[in-house]
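One structure below.
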Amino acid sequence: MEVEIKLGSLAGDLDGLSGAIGVPPESAVYLNEYCIDGHRFPDLAEPSSWVRGDVWSSLYPLSLAGKASTLLTLTVPDVIETYLEDIGFIPEEARIFQACEGHDISRRFYPEGSVVGRLLNAPKTASSLLKGKTIIASFVTEDLVDLADAHDAHLLIRPDDCIKFNSKSYMRETAENLGLALPLGVIISPDQSVETGLEAFLKGLDHTEKGLWLKLATAGGGGTKRLAENRIEDINEVLIPFLRDAASAVLSDHDLQAFDGRYEDLAMPFKRDLVLEQDLSLQNDLEVIGNFGFQAIIGHNAITYVGAAKQIIEDGVYAGGESIASDEDKTLEQACLPDIFKVFRAYQTDGYRGFMGVDALIADQSGSITPYILEANCRVTGATPLIAAAHKLSRQQNGQDVFARLCTISIPVHGGIGASASERIFSALGDDLYKQDMTSGIVPLMMDVFPDRPNMEVARLRCVIFAKTHTELQALNARLIERFPAQ
């Protein structure tokens, strides 16, 4: 029997989402973290070095914190938590567990910069948090398996499923089987010759312009690269540095020399399914009119669709997004949902549970609206806090549509950032800082406040901007940039 799809909202909190998944809220523990022991890399199928030191993503679900479900974070500035309580985004005494204080982080890599790493070294604390609970994690690693097993906790999905469901090739195969629209493309498996796959694909294109995207298997996002030219050399120029950096933690200098040659020379554990796709904008029979990310909660007995966001992509990298608020955008969203729901159902049938986003380019083909499926993100995504914040403000304004934008800015840290620096950010926002009952303003949500970035004097801050109109939204965004000029 076909699973039911319900319409829902992120205006509530993790307690409500636990119910949508089918886990009792008091038994649910949420973790959004992309930080692992580098020596686990070959088992993880995650060719990306930042995953060993990403320490701000645990704050993504912060605005969804509730009173029953537990949210694990690395550290949360008290100023931010108090502020979110004041504006009604989270309840007082929300169940937020901080693995450490900000001043205790000496470096951003595992285990110092990892929630899981710190809990593995604090068995008593971990048992009190996790015993008998279900861990709902965006990025499921072998380290997390060790932590769960040690404290009789359950994982909603296992590492192999985390890797599979987030794979670009799995998404492509699923969409093909469903008969959905896809950019022209090909999957090259690890046992195939990349050069042969590339040549065969290019021969099949009937367009003179052959701009390609190369997609790598990543469980934490990213991994999409634009090729300068459509040659095997260009693929290797992308693949070799990408994999070399990630493998540096587990290979000897002698073994690393293999990364100086062709992709085919790599040891099999480091090879991944590759996806090559033509840039959809080069097809002359259609016009790309939108890039949307659709979000759902995939549960044991139902799927809860919670909305979509327009995506802002720069060179294949997520740079922010905007809420679906205009009548035009709502019309596009509704036209795409039948196909998007097919993807959600397919993943649910195959066993995925938890947060899920589906990215699609929306094309106009002779007046017909068609979503071209790009990828699935089986985790909390950048759009999740944006949609949640828009839903919360809309609820406060009696259901009125809210124009919202998620953006990232750089801030000077001057040797460190703590409570005083957080207060400086609030002060710098001035009258544009959102306060409860305002109809527009800026909400600071996530701060990348830790050391070991290339520029130790700069950190990143993600904000959500609210407004009643898109024009006002743009004006607020311009003022935000003025207040925090690029560093």
Side-chain angles (χ1 to χ4, degrees), residues 2-3 5 163-188 201 204-205 211-219 221-226 272-283 285-298 303 305-313 316-318 321 324 329 331-352 354-365 368-379 381-384 387:
E2 198 171 65
V3 67
I5 293 186
I163 293 166
K164 178 183 79 171
F165 287 124
N166 282 287
S167 168
K168 272 79 168 177
S169 57
Y170 181 82
M171 173 76 262
R172 187 169 182 90
E173 290 172 346
T174 299
E176 285 177 344
N177 292 336
L178 293 170
L180 303 179
L182 288 161
L184 295 172
V186 64
I187 299 171
I188 303 175
F201 178 47
L205 294 181
L212 296 182
W213 291 97
L214 173 65
K215 296 182 174 182
L216 297 92
T218 61
T224 300
K225 308 290 183 179
R226 180 67 182 263
R272 310 286 179 256
D273 280 353
L274 305 177
V275 174
L276 284 174
E277 288 183 349
Q278 185 184 30
D279 191 323
L280 196 64
S281 65
L282 297 179
Q283 290 191 211
D285 59 342
L286 57 80
E287 178 188 2
V288 177
I289 57 176
N291 185 339
F292 282 17
F294 301 85
Q295 300 256 313
I297 308 300
I298 312 298
I303 296 168
Y305 176 67
V306 295
K310 294 191 293 184
Q311 311 242 69
I312 300 173
I313 305 296
V317 178
Y318 181 77
I324 304 298
D329 288 338
T331 299
L332 292 179
E333 177 191 14
Q334 292 302 313
C336 294
L337 288 185
D339 284 357
I340 301 301
F341 285 174
K342 291 178 182 178
V343 179
F344 288 143
R345 282 196 171 102
Y347 275 60
Q348 197 272 349
T349 299
D350 203 16
Y352 178 70
F355 288 87
M356 182 174 176
V358 174
D359 295 344
L361 287 178
I362 305 172
D364 183 338
Q365 293 180 280
S368 177
I369 303 302
T370 303
Y372 279 74
I373 309 301
L374 296 182
E375 64 182 57
N377 297 298
C378 294
R379 53 185 172 80
T381 74
T384 307
I387 295 173

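For the single chain, residues carry numbers from 1 onward in sequence order.
Applying the salt bridge (charged side-chain N to carboxylate O under 4.0 Å, His left out) criterion to Asp359, with sequence neighbours excluded, gives no partner residue. A search for ring-ring contact (aromatic ring centres under 6.0 Å, His included) contacts involving Tyr305 returns Phe341, not counting sequence neighbours. The salt bridge (charged side-chain N to carboxylate O under 4.0 Å, His left out) test applied to Glu176 returns Arg172, not counting sequence neighbours.
Distance CG/Leu184 to CG/Leu276: 12.0 Å, rounded to 0.5 Å. Atom NZ of Lys164 and atom CG of Asp273 lie 13.0 Å apart (nearest 0.5 Å). To the nearest 0.5 angstrom, Gln334 atom CD is 12.0 Å from Asp329 atom CG. Atom CZ in Phe294 sits 7.5 Å away from atom CD1 in Ile324 (nearest 0.5 Å). Note that OH of Tyr372 and CD of Gln283 are 5.5 Å apart. Values are rounded to the nearest 0.5 Å. A distance of 10.0 Å separates OG1 of Thr174 from CG of Leu182, quoted to the nearest 0.5 Å.
Side-chain contact between Ile298 and Tyr347: absent, with no pair of heavy atoms (C-beta onward) separated by less than 4.5 Å. Between Asp285 and Gln365, some side-chain heavy-atom pair lies under the 4.5 Å cut-off. Residues Ile373 and Ile340 meet the side-chain proximity criterion, which asks for heavy atoms closer than 4.5 Å. Between Phe292 and Cys336 the shortest side-chain heavy-atom distance does not fall below 4.5 Å. Side chains of Phe355 and Ile297 form a contact here, defined as non-hydrogen atoms less than 4.5 Å apart. Here the side chains of Val288 and Ile362 are not in contact, with every heavy-atom distance at 4.5 Å or above. Counting heavy atoms from C-beta outward, Met356 and Val343 have side chains that approach closer than 4.5 Å. Side chains of Glu375 and Val275 form no contact here, defined as non-hydrogen atoms less than 4.5 Å apart.
Across every non-hydrogen atom of Gln295 and Ala383, the tightest pair is NE2-CB, 3.9 Å. Closest heavy-atom contact between Leu180 and Lys342: CD2-CD, 3.9 Å. Shown here for Ala296 and Ile303, the closest heavy-atom pair between the two residues is CB-CG2, 4.0 Å. Pairing each heavy atom of Ile369 with each of Ala335, the nearest pair is CG2-CB, 4.0 Å. Taking both residues in full, the closest heavy atoms of Gln311 and Gly293 are given as CG-N, 3.6 Å, listed atom of the first, atom of the second, then distance. When all heavy atoms of Ala181 and Thr370 are compared, the pair lying nearest together is CB-CG2, 3.6 Å.
For the pair Asp364 (side chain) and Glu287 (backbone), a donor-acceptor distance under 3.5 Å is absent. Of the possible polar contacts, none joining the Tyr352 side chain to the Phe165 backbone as a donor-acceptor pair under 3.5 Å is found. Under the 3.5 Å distance criterion, the side-chain polar atoms of Ser167 are left unmatched by any main-chain donor or acceptor of Ile163.
For the side-chain contact (heavy atoms from CB on, under 4.5 Å) with Pro183, the lone residue among Leu374, Leu212, Asp279 that qualifies is Leu374.
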Legend entry - Worked check of side-chain contact (heavy atoms from CB on, under 4.5 Å) between Arg345 and Leu178: CA-CA 11 Å; Arg345 282 196 171 102; Leu178 293 170; over 6 Å; no

